[in-house]
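Worksheet for the structure shown next.
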Amino acid sequence: IIVARHTYDPANGLYRHACDVSRQMFWADRITGQSKHAWGRAMGWYAMASVDAFDFIPANEPGRESVRAILNNMAAQLKQIQDPETGLWYQVLARRGDEGNYLESSCSAMFMYSLYKAVRKGYIDASYRDIADKAYNGFIKEFIETDENGLTNLTRTCAVAGLGGKDNRSGDYEYYIHEMIRANDPKAIGPFINAMIEIELMKVDSMTE
């Protein structure tokens with residue numbers, strides 16, 4: 001809830017990469033303290049953390065419905081910004097189609113997992129299963145490749161992106177689109193495996209109903 005309070009962008013309903021409440025960091029907006037953009041993997045971590053934490057919040061705990069509202073808002077915004085052709089999501093979420101922006105595998109896997117689990121557990125409406133399925137089909141087509149040795153690779157993952165530090169990372173648009181891209185990064189592989197587990201759990205649930 002604190003993360004939502006400080007990173008929510010009312011202009012598009014997304015959550016920015018970070019916020020400096022002191023408004024002292026050079027990358028922070030002088031009024032809101034927020035960084036400049038909603039970065040895919042930052043919101044991906046947030047989506048996964050929210051859906052996983054929800055499992056452990058007691059039914060009558062104050063604030064539980066606020067977490068559900070955050071999950072539902074994320075699901076609604078992911079539907080809005082999902083690439084209509086591939087079903088995937090971009091490195092800089094609100095800049096779909098802009099020059100240099102690209103479909104990124106780790107955030108796409110994270111969102112896919114979050115949607116599948118939230119649907120399976122009843123945290124969001126079942127219609128979001130279609131959004132996750134579209135992402136799955138696009139993911140296999142766009143990111144899974146077989147090389148000349150017959151080995152399977154998961155491609156197009158942003159290696160790392162941060163703010164500040166010794167390299168003075170500014171968090172502007174050019175920064176995000178020029179960070180290193182690599183294959184077989186655990187930050188994409190792990191969420192992808194979790195998403196596949198959710199698909200299998202849905203199958204089990206449908207057999208026991």
Distance-only check: which donor-acceptor pairs under 3.5 Å involve side-chain atoms of residues 185-194, not counting sequence neighbours?
from: Asp185; atom 1: OD1; to: Lys187; atom 2: N; distance (Å): 2.7
from: Asp185; atom 1: OD1; to: Lys187; atom 2: NZ; distance (Å): 3.1
from: Asp185; atom 1: OD2; to: Arg182; atom 2: NE; distance (Å): 2.7
from: Asp185; atom 1: OD2; to: Arg182; atom 2: NH2; distance (Å): 2.8
from: Asp185; atom 1: OD2; to: Lys187; atom 2: NZ; distance (Å): 3.1
from: Lys187; atom 1: NZ; to: Ala159; atom 2: O; distance (Å): 3.0

*side-chain hydrogen bond (donor to acceptor under 3.5 Å, both in side chains) evaluation trace for Gln82 with Trp89*: CA-CA 6 Å; Gln82 185 179 40; Trp89 290 274; 5.8 Å; no

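To the nearest 0.5 angstrom, Ile177 atom CD1 is 9.0 Å from Tyr102 atom OH. Atom-to-atom distance recorded for Arg120:CZ and Arg129:CZ is 11.0 Å, nearest 0.5 angstrom. To the nearest 0.5 Å, atoms CZ (Arg23) and CD1 (Ile31) are separated by 9.0 Å. Summarising the geometry, atom CD belonging to Glu104 is positioned 13.0 Å from atom CD belonging to Glu142; distances are rounded to the nearest 0.5 Å. Distance check: Asp98 CG to Tyr173 OH gives 4.5 Å after rounding to the nearest 0.5 Å. The CG atom of Leu103 sits 10.5 Å away from the OG1 atom of Thr155 when rounded to the nearest 0.5 Å.
Dense packing is recorded around CG of Asn149, with more than 12 heavy atoms of other residues, nucleotides or ligands lying under 6.0 Å away. No more than 12 heavy atoms of other residues, nucleotides or ligands sit less than 6.0 Å from atom CD of Glu99. The environment of CD1 in Ile2 is sparse: at most 12 heavy-atom neighbours from other residues, nucleotides or ligands sit within 6.0 Å.
Judged by distance alone, with hydrogens and angles left aside, the side-chain atoms of Thr157 form no donor-acceptor pair with the main-chain N or O of Ser105 at under 3.5 Å. Between the side chain of Thr146 and the main chain of Leu151, no donor-acceptor pair closer than 3.5 Å is present. Remark: the backbone N or O of Ser106 is not paired with any side-chain donor or acceptor of Arg41 at under 3.5 angstrom. Judged purely by atom type and a 3.5 angstrom limit, Asp83 uses its side chain to pair as donor or acceptor with the backbone of Thr86.
A side chain to side chain contact (heavy atoms under 4.5 Å, CB included) with Tyr123 is found for one member of Leu71, Val67, Asn72, Leu115 and no other, namely Leu71. Considering Met74, Met48, Glu198 as possible partners of Ser114, the one that fulfils the side chain to side chain contact (heavy atoms under 4.5 Å, CB included) test is Met48. Under the side-chain hydrogen bond (donor to acceptor under 3.5 Å, both in side chains) rule, Asp9 has a single partner from Gln77, Arg16, Gln34, which is Arg16.
Classification of the His17-Tyr176 ring pair by plane angle, with boundaries at 30° and 60°, yields tilted.
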